[in-house]
Structure formats: structure tokens, C-alpha cells
Amino acid sequence: MSKNVSKTAVRAIGVLIAAVLFAGTFSVSEAKATGDKPKYKIKINKQCCTVTVYKYVKGKYKPKKAMTCSPGWATPTGTFPLGEKMRWHVLMGSSYGQYCSRITGRVLFHSVWYYSCNSAAQCYREYNKLGTLASHGCVRLTVADAKWIYEKVPSGTPVTVYNSAKPGPLGKPKTIQVTGYSGWDPTDPDDNNPYKKKKPEIRGVKKFRTIKYGKKFKAKEGVTAVNSTGCDATKLVETDVFYRPPYLNRYIWVYKVNTRNPGRYKIKYSITDEIGHKAKKVSKVKVLRKG
């Protein structure tokens with residue numbers, strides 16, 4: 001009698017397990033059939049070293065965010081579901097990565113590697129390789145970008161690795177170089193990050209200048225800049241020119257300082273470096289009358 005009861009119980013449990021598995025399979029296929037879409041999808045352009053995140057909005061995927069990355073020759077092409085997330089994870093040898101998200105197998109999204117599980121122990125030489133093929137197969141990102149994927153993009157999101165000469169619809173963002181005085185990633189939001197207190201600097205701006213009538217004048221002549229990590233950023237300097245007509249008690253925007261139009265001008269110099277830090281300076285210019 002007990003044997004019959006045992007067999008009956010086993011059959012009942014088997015039926016219950018099968019029902020649960022069938023129900024799970026059905027719900028997944030039903031979700032696909034009704035057009036349910038993942039919130040995001042990610043594309044990694046291995047050739048151009050870029051990542052583009054697309055968000056599903058009003059029936060289609062639209063590009064939302066671009067990142068510069070460093071994959072490697074061994075990074076596999078294809079489409080994979082994003083896997084588990086790890087705050088810190090050991091990489092090759094005694095190296096470690098922050099904000100890791102598994103792409104497939106041992107291939108992860110992660111920060112540039114560290115010598116230990118310490119935010120101040122990053123290899124700055126490897127950080128300066130971002131934007132090139134530099135890894136053993138994983139996809140390296142800035143801390144800010146790796147953290148964004150880690151926190152915002154759920155596991156199961158499709159990740160496609162492909163090759164193209166075109167970086168993607170949002171282009172390839174610029175990366176900041178580091179000089180090696182610190183092992184911190186400049187984009188790390190940690191409150192202890194020394195880069196958070198640093199700003200770019202605009203140099204060579206004179207507070208006041210007097211220009212003779214008709215003399216050639218270039219607003220950026222002699223002006224240089226460095227970014228938050230101390231590297232040259234002169235090309236990032238932008239100018240806005242304002243002129244104060246004799247009949248107005250205020251400045252109006254103009255295209256340039258016209259040395260054949262006497263009066264007072266104001267030049268605003270500004271810079272936003274590669275990690276979004278800003279600085280500005282102002283110069284006043286007086287163009288003399290003819291004669």
C-alpha cells in the first residue's frame with residue numbers, strides 16, 4: 001500500500017513540475033507574440049570601439065546614449081542576452097574591474113582594470129587606451145558608462161557585437177586622458193575622487209585690451225587651455241562676442257570683434273572638457289575710432 005502511495009505521489013509531483021515548466025514557457029512565448037519588447041538594446045561596434053544604447057520608445061528603438069569602449073580582437077560577434085551583474089569582479093591575473101555586466105561567457109562590460117579592489121588603484125596607462133582595441137576580449141568602459149549599464153540596463157537585454165566603419169548614429173564620444181598622478185578614473189562618481197574638485201583652466205586671456213581701428217584681431221590668439229586632468233584642451237575653447245552700441249545700455253551678441261566698428265566689446269571664453277567640467281573667463285575690448 002505504501003509503495004502505491006509513493007508512486008502516486010511521485011507521479012503527482014512530476015505532473016506539477018511539468019505544469020510549472022509549461023506555464024513558464026507559455027508565458028515567455030506569449031510575451032513575444034504580443035510584441036513585448038526589452039526596454040533597451042545595446043550595440044557594440046568592435047571596429048570603431050563604440051557602444052550605442054537604444055531605448056524602446058513609442059513602438060521603435062531610438063538611440064539614447066553613446067559610449068567609447070575598448071573591446072579586443074577576441075571579442076566575439078553575434079547577439080547575446082546581458083547576464084549577471086557584479087560590483088567588483090576579478091579579471092585576468094590579479095586585476096579587477098568595477099561595475100561588471102556579463103555579455104557572454106567570460107566576456108564582460110567593465111571599467112578599465114585595477115591592481116586591486118580599490119577605486120584609487122586603476123592602471124592609468126590602460127585608461128589612456130580607451131577607444132582602441134586593447135582588451136583580451138571584454139569591453140572596457142569608463143566607470144561612469146560601466147556604472148550606467150550596471151544600474152540601468154536589466155539582465156536579458158540583447159547585446160549585439162558587430163563590425164562597421166560607421167561608429168553609430170550618435171558618433172564616438174571623446175575620452176579624457178590621464179597623466180598618472182592618480183589611479184582614479186576621472187568619471188568615477190565616488191565622493192573621494194580627486195578629479196571631482198578639478199576644473200579645466202583657460203589661459204592667456206587678458207582682462208582688458210585696446211585695439212586700434214582696422215587692426216587685425218583674433219579672439220583666440222594666445223589663448224590656451226588644459227582640461228581637468230591637466231592635458232591640453234585648447235581646441236575645446238569656445239568664444240561668444242558681444243558689442244555695446246552707443247545707443248544701447250547693454251551688450252548684444254555679434255559674430256566677431258569688428259575693428260572697423262569702434263566701441264566696446266566683451267568676449268566670453270568657455271570650455272567644457274571631456275568629462276563635463278566647465279570653466280569660463282571674460283575679456284573686455286575697446287576698439288578705437290579711426291584717426
Side-chain angles (χ1 to χ4, degrees), residues 38 40-54 63-178 180 183-188 274:
Y40 297 105
K41 68 178 181 179
I42 299 176
K43 291 189 176 182
I44 304 168
N45 186 340
K46 182 176 169 180
Q47 182 177 338
C48 288
C49 300
T50 55
V51 173
T52 305
V53 180
Y54 295 78
K64 176 181 177 61
K65 186 176 179 65
M67 308 172 182
T68 297
C69 68
S70 280
W73 294 109
T75 307
T77 56
T79 299
F80 316 95
L82 193 66
E84 64 187 299
K85 311 289 187 75
M86 296 152 284
R87 177 63 181 82
W88 282 93
H89 187 63
V90 64
L91 305 174
M92 294 190 66
S94 57
S95 61
Y96 304 83
Q98 282 203 77
Y99 299 109
C100 305
S101 301
R102 192 175 304 281
I103 298 171
T104 181
R106 296 183 178 181
V107 179
L108 315 170
F109 282 120
H110 62 71
S111 67
V112 174
W113 60 267
Y114 294 76
Y115 292 100
S116 63
C117 293
N118 182 340
S119 297
Q122 190 176 69
C123 179
Y124 70 89
R125 293 185 182 87
E126 292 299 315
Y127 188 85
N128 287 342
K129 294 179 183 178
L130 273 174
T132 67
L133 287 171
S135 78
H136 292 91
C138 288
V139 179
R140 299 176 183 173
L141 300 164
T142 64
V143 166
D145 287 340
K147 185 175 186 288
W148 194 92
I149 290 176
Y150 176 88
E151 292 181 344
K152 302 288 186 182
V153 182
S155 297
T157 296
V159 179
T160 299
V161 184
Y162 71 104
N163 287 293
S164 173
K166 297 180 179 180
L170 301 179
K172 184 176 182 177
K174 293 180 180 179
T175 55
I176 196 166
Q177 298 285 290
V178 292
W184 283 83
D185 181 319
T187 73
D188 194 326
E274 299 88 342

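What you see below is based on every heavy atom in this structure, not just the backbone, and it leaves out hydrogens, waters and symmetry mates. The first residue of the sequence shown is numbered 1, and numbering continues consecutively from there.
- Legend: ring pair (Phe, Tyr, Trp, His ring centres under 6.0 Å) pairs involving residues 76-98, not counting sequence neighbours, sorted by first then second residue: Trp88-Tyr114.
- For Lys147, the salt bridge (Lys or Arg N to Asp or Glu O under 4.0 Å) partners two or more places apart in sequence, or in a different chain, are Glu151.
- Every residue was checked against the side-chain hydrogen bond (donor to acceptor under 3.5 Å, both in side chains) condition with Thr132, not counting sequence neighbours, and none meets it.
- We find the CE-OH distance between Met86 and Tyr150 to be 9.0 Å, quoted to the nearest 0.5 Å.
- Applying the salt bridge (charged side-chain N to carboxylate O under 4.0 Å, His left out) test to every pair with at least one member in residues 69-84, sequence neighbours left out, gives these pairs: Glu84-Arg102.
- The side-chain hydrogen bond (donor to acceptor under 3.5 Å, both in side chains) test applied to Glu274 returns Asn227, not counting sequence neighbours.
- Distance alone, capped at 3.5 Å, places no donor-acceptor pair between the Thr77 side chain and the Val161 backbone.
- Residues satisfying the salt bridge (Lys or Arg N to Asp or Glu O under 4.0 Å) test with Asp145, not counting sequence neighbours, are Lys65.
- Lys129 is linked by a salt bridge (Lys or Arg N to Asp or Glu O under 4.0 Å) to Glu126, counting only residues two or more places apart in sequence or in another chain.
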Donor-acceptor pairs are to be reported for all side-chain atoms of residues 46-53 against protein atoms at under 3.5 Å, with residues two or more places apart or in another chain.
from, atom 1, to, atom 2, distance (Å)
Lys46, NZ, Trp73, O, 2.8
Lys46, NZ, Thr75, O, 2.8
Gln47, OE1, Ser164, N, 3.4
Thr50, OG1, Pro167, O, 2.7

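- Side-chain contact between Cys69 and Phe109: absent, with no pair of heavy atoms (C-beta onward) separated by less than 4.5 Å.
- No donor-acceptor pair closer than 3.5 Å links the side chain of Ser101 to the backbone N or O of Lys85.
- Applying the side-chain hydrogen bond (donor to acceptor under 3.5 Å, both in side chains) criterion to Thr187, with sequence neighbours excluded, gives Asp185.
- The ring-ring contact (aromatic ring centres under 6.0 Å, His included) check on Tyr162 picks up nothing, with sequence neighbours excluded.
- Evaluation of the side-chain hydrogen bond (donor to acceptor under 3.5 Å, both in side chains) rule for Arg87 yields Gln98, Tyr99 as partners, not counting sequence neighbours.
- Under the salt bridge (charged side-chain N to carboxylate O under 4.0 Å, His left out) criterion, no residue pair touches residues 166-176, with sequence neighbours excluded.
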